[in-house]
2 protein chains.
Amino acid sequence: MVNAESAVSRATASRLPAYLRYLKGEAGKGVEYVSSAAIAKDMGLSAVCVRKDLALVSSRPGKPRFGFEVRLLIEDIEKFLGYHRWTNAVIVGAGGLGRAILSYEGFENYGIHVIAAFDNSPAKVGAAGGKPIYPMERLGDVVRRSDVKVCILTVPRSAAQEACDQAVVAGINAILSFAPVHLHVPEGVKVKYEDLAVSLAELCGA
Amino acid sequence: MVNAESAVSRATASRLPAYLRYLKGEAGKGVEYVSSAAIAKDMGLSAVCVRKDLALVSSRPGKPRFGFEVRLLIEDIEKFLGYHRWTNAVIVGAGGLGRAILSYEGFENYGIHVIAAFDNSPAKVGAAGGKPIYPMERLGDVVRRSDVKVCILTVPRSAAQEACDQAVVAGINAILSFAPVHLHVPEGVKVKYEDLAVSLAELCGA
DNA sequence: TAAGAATCGATAAAAAATTATCGATAAATG
DNA sequence: CATTTATCGATAATTTTTTATCGATTCTTA
């Protein structure tokens, strides 16, 4: 048996969140139906591509002359992406970026609880955005007790590999890193790099 | 005539920054040569894919039995990606995230000067990370005077479209948005979404 | 100095993704 | 009620991307 996610191509999967963002915007404006052509135009894709993507995740077909029902489509995509399964995450590195993310409330819409941050420096320990900042020593504890699988790494580049190692030891198996450094991790641990400068540079160059 | 960037496939282009990150890591460890097989192994790609990518951007061929010279490869990729052409950028939205990014120094390695932030709220005006935070009214001014083309949007979702419009009016033609909202922009303005929650969710689900 | 190992580059094959085309369907309209 | 229009879904064609294969090159080492 294949799981739901392997049923769609990687390319499609990477567009689904964008559809979701777009559809929520339309829903917010009170739009009830959208056609694949309209989505395509607004999002800069081809209509055929949109139809094909939606066919894979939509629980019911689009209506000729109307298109797809926005509300249902949002539900279907969210269900498909698993935003209903809840996951706990922690932040390692409570500098400016770490604290900003700790205060960000947008994660809850995606099935993610960011429960705490951790930092080496005693000066950083405390709280931000109503959530606790603990000393690094407590990382293993919290990870085990709250069954945390994911870590957001917001430490300076020089501290990244060491912090990464500590997170892995603590039991984390997926890392979203903001440090612009390649991390070496054991087999089975996933790393995703979120490089702000690269994103920006791509935008400039393209 | 085609420009340099259109000479490589989109897929390759999206891997180049990752090679760069990896190569810089190796360079930092004192490694002088790397083989495509080694890169592939560490980065989770196929060796053939790596060779093909590098062949497109490397100014000189790899040496049999050694591989590629790390230092040269870094230079070639940076040159290829245009990290030598400088671009000015501004931040719109000086909340926690905006200020954190304003203080981030990693942009300079990518040919990007983040010169200032802007905010509606008078309380936010001032400075962070040694860079000024101006009231929104001054956006047009600064954009024109410093020939700013790119804007990082870090305002709350409810303010995003309006701030985006202001940026466009001011003369911005590329936006990196952290607000989880689809933005409507005129033809010719590029938008890229940096959705932290989506990145994290992809990591959890995959 | 000859044999062997590691690596490359190029060409070819396979797989994946996008785009095009077309008949079918359902609402709107005269 | 027939015609027109907007849309869909499916199949087919095209393009892009990845992977496989193989001879050539260059260093190592016996």
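Per chain, numbering begins at 1; letters A, B, ... match sequence-line order. A quick note: this is a predicted structure, and the numbers were derived from the prediction, not measured.
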Starting at [atom1] of [X] and ending at [atom2] of [N], how long is that distance when rounded to a whole Å?
X: Phe66(A); N: dC8(D); atom1: CZ; atom2: P; answer: 12 Å
X: Glu32(B); N: dT7(C); atom1: CD; atom2: P; answer: 16 Å
X: Leu54(B); N: dC8(C); atom1: CG; atom2: C1'; answer: 11 Å
X: Phe68(B); N: dC27(D); atom1: CZ; atom2: C1'; answer: 16 Å
X: Leu72(B); N: dC8(C); atom1: CG; atom2: C1'; answer: 16 Å
X: Asp53(B); N: dC8(C); atom1: CG; atom2: C1'; answer: 15 Å
X: Lys52(B); N: dT18(D); atom1: NZ; atom2: P; answer: 8 Å
X: Glu69(B); N: dT7(C); atom1: CD; atom2: C1'; answer: 16 Å

Original post:
So does Lys192(B) have more than 12 non-hydrogen atoms from other groups sitting under 6.0 Å from NZ?
Top reply: yes
Original post:
Above 12 or not: heavy atoms from other molecules or residues under 6.0 Å from CD of Glu108(B)?
Top reply: yes
Original post:
dA5(C) base to Arg65(B) side chain: any donor-acceptor pair below 3.5 Å?
Top reply: yes
Respond yes when some side-chain nitrogen or oxygen of [X] is under 4.0 Å from OP1 or OP2 of [N], and no when none is.
X: Ser46(B); N: dT19(D); result: yes
X: Ser9(B); N: dT16(D); result: no
X: Arg51(B); N: dA6(C); result: no

Subject >> His182(B) and Tyr22(A) aromatic ring geometry - parallel, tilted or perpendicular at 30°/60° bounds >> reply: perpendicular
Original post:
Taking the inter-plane angle between the rings of Tyr134(B) and Phe118(B) on a 0 to 90° scale, is it parallel (under 30°), tilted (30 to 60°) or perpendicular (over 60°)?
Top reply: tilted
Original post:
Can we say Glu78(A) and Lys24(A) salt-bridge, meaning some charged N sits less than 4.0 Å from an Asp/Glu carboxylate O?
Top reply: yes
Original post:
Which nucleotide, dT18(C), dG9(C), dC27(D), lies nearest any side-chain atom of Pro61(B)?
Top reply: dG9(C)
**OP:** Output the single nucleotide from dA17(C), dT21(C), dA20(D) whose closest atom is nearest the side chain of Val48(B).
**Re:** dA20(D)
**OP:** Under 4.0 Å between any heavy atoms, over every strand shown, what does Ala55(A) touch: base, sugar-phosphate, or nothing? Just pick one.
**Re:** nothing
Original post:
So what does Ser36(B) touch, heavy atoms closer than 4.0 Å: a base, only the sugar-phosphate, or nothing?
Top reply: sugar-phosphate
**OP:** Could you say whether Arg60(B) or Pro64(A) is positioned toward the 5' end of DNA chain C, judged by the nucleotide with the nearest heavy atom to each?
**Re:** Arg60(B)
